[in-house]
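Notes follow once the structure below has been shown.
Every chain is numbered from 1 and lettered A, B, ... according to where its sequence line falls, protein lines coming before strand lines.
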Amino acid sequence: MEDKQLYAKQLLQAVGGDIRAALTELKRVAANTVSQKKYEPKSQEVVIRTMGLQKQYKMGKATVSAIQDVTLAIHKGEFIAITGTSGSGKSTLLHLIGGLDQPSAGDIEVRGQNLRKLSDVKLSRFRNRTIGFVFQFFYLQPFLRLQTNVEVPAMFARTRRDRRATKSKATAEIVGLSDRLQHFPRELSGGQMQRAAIARALQNEPDILLADEPTGNLDHENAVAIFELFKKISTEQGTTIVVVTHDMALAAIADRAVQMKDGRILA
Amino acid sequence: MMYLRDATRLAAAKLRVRPVRTGVVICIVALLFAGISLIAFVFAGIVQSLRDFSNEGLSSRYIVQARPIVDASYMFSNADLKEQMRVKTVSLVAEKKAAAKRLGLAYDADTDSTLPTMKGGPGGENDIMANFSSPIVQAAAKEHYNALQHVGYDDFKKLAEAAAAKNIYKSTYYDIMSGSMYMTGGQQTYLQPIKNGKEIYADSQKQGEMMGPTGFDTLASSGWSYFDEDLLRPFVLPGQSLAIGKDGSVPVIAPISVAEAILGRDKLPSTASAKERLDYLVKIRSDIAGKTAQLCYRNPASSQLVQLARDQVREMSANKGKRDYVVPALQYAVPTEPCGEVKVVKDTRTASEKQQANNELMFKKTYENYDDPQQTITDVRIVGLVPDMNFEYGMSVRAIAASVLQSSLGNGWYSPSRAITAESVASKISPTFEDSTPMGRAYYAEFETLAAARKFVRETSCSAKSDMMTEPDRPDTRVAKCAGQGKYFDSKPFGSNASAIEDLRQNTWRVMKYVTVVVMALTSLVLMGVVGKIVADSRRETAVFRALGATRSDIGYIYIIYTIFLSFGITLVALLLGAMGAAWLSRRYSEDISTAAVLAYNAADVHKKFILFGLDGTLVLGITAVIIASALMSAFLPLLTNIRRNPIRDMRDE
């Protein structure tokens, strides 16, 4: 009951209190929910598989379970939204998938690789080549031009300058920032900065793009645009995209939405 | 690991984050190093200036002076000599007693100061010691010293030639005595200046200032040395020559105060400004060049007679009109002509008194080496100047500079060896010059390089200490110790500050090393705090980079370059502040020190500047390296902690 109230509240906030717009959105979500039920993966290949995943944190003397027995399979090219309230464990799950954190128990396999068995250097390489990260606060380097910002992952990959320049231009094209490459982040809007962050995440042509609350700092219009961009990337490039959001309406744009609560997957 | 250029790009971008804080950090840390930089710049300036001034005089040449090591205590502590002299004294006393009796003279051996021994040896009042003012003792000592092996000029020459010396010289030093107070017999010499046609006697001369002997008194205090012309030439004033003058004048390089005395100038007050000092020096130099002065040489008998005549005049004047005062029967007149003969003006002695006096004279001539009075004028021509001995003490910059900068020749009187002719005053001073003992000798070897000169000093100089001061009554064991080392000379650099400058440079480096370590430690602590804070503040950024695929090495790489950038900033500011400080010091004190240096070196170019600011590439590189090393050291721990952290924790904290 509480979840429903919260969802209604978020929905109203997202549409700026416009009841009609909220109803339209609800219909779309309902339609999607239906389609989700009928969802057929674009590929049978599972690129991310978690098995009995657990993550516990020590907080003082108490142990907090952020993730409990999460088993999940994500297919190649799938655009999946992980939803849930704050503290439900969605970001933790994303970080575990991205190799930024290690599970307390269970396994994560990404493209057949068990992340628990990778050394720090191999994990770094894995994050650099296989994963693209998008954050809520963009985390662009303020004193680097957009093109250089986009090229940062390629720098860690020791990609030659000419190749990475070509690639950064191409990714800027994808996210619609071709004309902004020589600008500094402070000269961009929030939406443009997040697009730039997406371009950066795509720079090394990763198989998987992980986005943690990518629209948390954007208005609804920009948020929808970012999700539409994810959809486009997933469709056109076959990139598997996992997005964490607490916005159910946006989650509806994804191919599939997985809801989490208290560290467990509900649906 | 990522490419250097990429790491550099990211590190440079990072520098632009929080520019105010970065600037403050750079300035604070730079202040610590600015002190070292200041010392380095000043030190480099001093070394460069010293080198510059070293081109004056002999300083650009690498000359080693060697003095033979002989046992100076021989004359008063050698038991054999003492015994030998005791025997001679016994026979001489017997002889003198017999002669005195024969000549009708009273003779008391206890008051005879010309005997080879005298009472009051180390064993007490009744003990005896050799009387080194006795010609017999001196002759015995001379025989002993001249028989010594390994200390002759030929011995030195062999050593110098083996060490590839390019020139070899020797000099002779004359210990000049002036005034009656020195009349103790032996070979002492008496030279008095003649001024305005009047002989200036020792006790009527203007006494040297409290700071030390000046003017003609320097002849007595610093002596008169005869050098090879080659060594004197750099000190000759423009237009002057070291040849004996057509008028027979002896060329002399003398202290500046002698020039002042000849020209009748008063010494500049100590409050005179640097400019006044320089102007004064320029004027003195031009005015004194080629000026002659007369010196009166009197042998001991002549000097004694002058003193007697003057005493008589004083005595008679003091007792004038007194009834009971009996005027001397034999009265002498103080010579009216300079260096004139002392003449008898009144002789009322009886025939027997005259006979008695003749007998005394015969007795003295026979037993006490008495020579008839002799006096002669010698002309000296000032052809060069050396600074006076530095008596300026204290903490003023000029005093310190003057005490550090020393003349490269010395502070006495100097003439070329060829001035020692049969007629010259030198031959009268020491008629036995060729046979003089090794004690008054000095030999010189000139080398091509400083290293060769230093090597020669190391190889020839004896390091054993003399125990004459601690065991004055025993023969000095140093000679034996040195002979054990196969070394027979005391060698030291001469006329050149090159060796001293090199030592100064090395010692300063040594001190600087310790100072640097302390400053490094302090700076590292400060930097550790600051860089630690910067690195800690960059945890989110590090986490993002890690998420984007940076390895720990990549992160370390970026921060190391960032720290190096920071270090360059610190270096730049430190060097700038140090340079500014050194430039200020140089501006503030350069004029005073330059004057002191010009005077101390008697530099030909009086406008030469002693600058306290110099650039030494090695020092600048050294400081840069130290700052970078300190910064890297200080960044190491925080960086290690940072890259070991779990990036997700920093993300979550954010």
- Verdict with reasoning, A:Gln259 to A:Thr83, per side chain to side chain donor-acceptor pair (under 3.5 Å): CA-CA 5 Å; A:Gln259 197 177 357; A:Thr83 62; 4.9 Å; no

- Could you walk me through whether A:Asp120 and A:Arg125 pass salt bridge (charged side-chain N to carboxylate O under 4.0 Å, His left out), step by step? CA-CA 9 Å; A:Asp120 188 70; A:Arg125 196 171 298 148; over 6 Å; no

- Task: Check the pair A:Asp162, A:Arg160 against salt bridge (charged side-chain N to carboxylate O under 4.0 Å, His left out), reporting the backbone distance first and the verdict last.
- Result: CA-CA 6 Å; A:Asp162 51 347; A:Arg160 277 172 42 203; 2.8 Å; yes

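The only option from B:Thr571, B:Ile570, B:Leu577 that meets the side-chain contact (heavy atoms from CB on, under 4.5 Å) definition with B:Val573 turns out to be B:Leu577.
Contact annotation for residues 150-158 of chain A against chain B (heavy-atom separation below 4.5 Å, listed by residue number): A:Val152, A:Pro153, A:Met155, A:Phe156, A:Arg158.
Distance CG/A:Leu115 to CZ/A:Arg127: 10.0 Å, rounded to 0.5 Å.
Between B:Tyr589 and B:Trp584, the ring-plane angle classifies as perpendicular under the 30° and 60° cut-offs.
Of the atoms belonging to A:Arg161, heavy atoms from both backbone and side chain fall under 4.5 Å from chain B. In this structure, no portion of A:Arg145 lies under 4.5 Å from any heavy atom of chain B. Residue B:Leu15 does not touch chain A at all, counting heavy-atom pairs closer than 4.5 Å. For B:Ile555, no part sits under 4.5 Å from any heavy atom of chain A, backbone or side chain.
Chain B forms the most heavy-atom pairs under 4.5 Å with one residue out of A:Thr148, A:Thr159, A:Val121, and that residue is A:Thr148. Across A:Gly132, A:Ala201, A:Ser124, the residue that shares the most heavy-atom pairs under 4.5 angstrom with chain B is A:Ser124.
For the residue pair A:Glu173 / A:Ser178, a side-chain donor-acceptor distance below 3.5 Å is found, with atom types taken as modelled. For the 3.5 Å distance criterion, the side chains of A:Thr240 and A:Glu78 fail to qualify, holding no donor opposite an acceptor.
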Table please: side-chain donor-acceptor pairs of residues 619-630 of chain B below 3.5 Å, with sequence neighbours left out.
residue: B:Thr624; atom: OG1; partner: B:Val620; partner atom: O; Å: 2.7
residue: B:Ser630; atom: OG; partner: B:Val626; partner atom: O; Å: 2.8

